[in-house]
> 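Attaching a single structure in structure tokens format; questions to follow.
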Amino acid sequence: MSRSLLRPLPRPQATRTLLCLSFCGGGTAPFRPWAGALPADVELALYCYPGRETRFGVPFAANWEALLADAVEAVRSVAGRPYALMGHSMGAWVAFDLARRARRAAFAPPQALIASGADAPCQWQHVKHTVPGPRDPDEVLLGWMVGNGQIPQALRADPGMLRIALDMLRADMRVMDSHRYEAGAQVQVPLQVLYGADDGMEEGAERWRRLTSKDCEVTRLPGGHFYTPELWPRLPEYISWLHPGMQII
């Protein structure tokens, strides 16, 4: 198993894998509670970006290509059985590029791609002008994280942890700054887009439709960028790939 992957609840008998990729400045922790919420035949695998959690001593990725090269090896390690890629925010763009690169890297593509809380990557130039950047002062970045619900209340009173959170965010923003969408790029897998009703992402969610040659399902959910505190732990309930044959309401 790749050292960059965490399996919170190992299921060696599982026949499918859901591999999740985190948001800008994030880690695997927000996704770990999902492990017990998945169908019994699905194992949860979480990709840990360099420079945090179990990879704290690993240097941050220098740019988008370096991050993708690292993540490709993580995906390769789960591609021996059917899998889906799920990314939230920045992770949705990472998942999109990973799905595109699968055949080039000589392993099976995912059965599905789930993009959550993100505009389509073809909007990369616009998105960079609507969010803070790595050169913005600490107060701006902290305000942005708090506004998005990205900083737990308990962490806000801990200067050391806030410093780590800011360093991770700046590192990921530098990576995002080096991202470039290749005009006309698509994936050849079914796509589901999830977005929060209060996140201002309705048009952005619809833009994903042009980025796949297969079916695209757009799912509107309550809440903002991270939906609601009650819904986030239950988000797998709304991922269609996890529940084939069931109608997602």
> Do Tyr195 and Leu221 make a side-chain contact, defined as non-hydrogen atoms from C-beta onward lying under 4.5 Å apart?
no
> Can you pull the salt bridge (charged side-chain N to carboxylate O under 4.0 Å, His left out) pairs that have at least one residue in residues 221-236, sequence neighbours excluded?
Arg234-Glu237
> Counting only heavy atoms not in Arg81, do more than 12 fall under 6.0 Å of its CZ?
yes
> For a quick test of reading the model, state the closest non-hydrogen atom pair linking Tyr49 to Gly26 and the distance between them.
CD1-O, 3.9 Å
> Can you say whether the rings of Phe226 and Trp232 are parallel (under 30°), tilted (30 to 60°) or perpendicular (over 60°)?
perpendicular
> Can you check whether Val189's main-chain N or O pairs, donor with acceptor, with Thr212's side chain at less than 3.5 Å?
yes
> Working to the nearest 0.5 angstrom, can you tell me the gap between Tyr238 OH and Leu194 CG?
10.5 Å
> Provide the full list of side chain to side chain donor-acceptor pair (under 3.5 Å) pairs with a residue in residues 51-63, sequence neighbours left out, each pair given once.
Thr28-Glu53, Arg52-Asp172, Arg55-Asp70
> Between the side chain of Thr17 and the main-chain N/O of Leu19, is any donor-acceptor distance below 3.5 Å?
no
> Counting neighbours of CG on Asp167 that are heavy atoms of other residues, nucleotides or ligands and sit closer than 6.0 Å, is the number greater than 12?
yes
> Trp241 and Gln111: side-chain donor and acceptor closer than 3.5 Å?
yes
> Can you check whether Ala115's main-chain N or O pairs, donor with acceptor, with Trp93's side chain at less than 3.5 Å?
no
> Can you run down the side chain to side chain donor-acceptor pair (under 3.5 Å) pairs that involve residues 196-205, sequence neighbours left out, and say none if there aren't any?
Asp199-His225
> Name all residues meeting the side chain to side chain contact (heavy atoms under 4.5 Å, CB included) criterion together with Arg11; count only those two or more places apart in sequence or in a different chain, and write none if there are none.
Leu9, Ala14, Leu38, Glu43
> For a quick test of your reading: what N or O donor-acceptor pairs under 3.5 Å do the side chains of residues 131-139 make, sequence neighbours left out?
residue : atom : partner : partner atom : Å
Asp136  : OD2  : Gly133  : N            : 2.7
Asp138  : OD1  : Arg170  : NH2          : 2.4
Asp138  : OD2  : Arg163  : NH1          : 3.0

> Under the side chain to side chain donor-acceptor pair (under 3.5 Å) rule, collect the residues that match up with Gln13, sequence neighbours excluded.
none
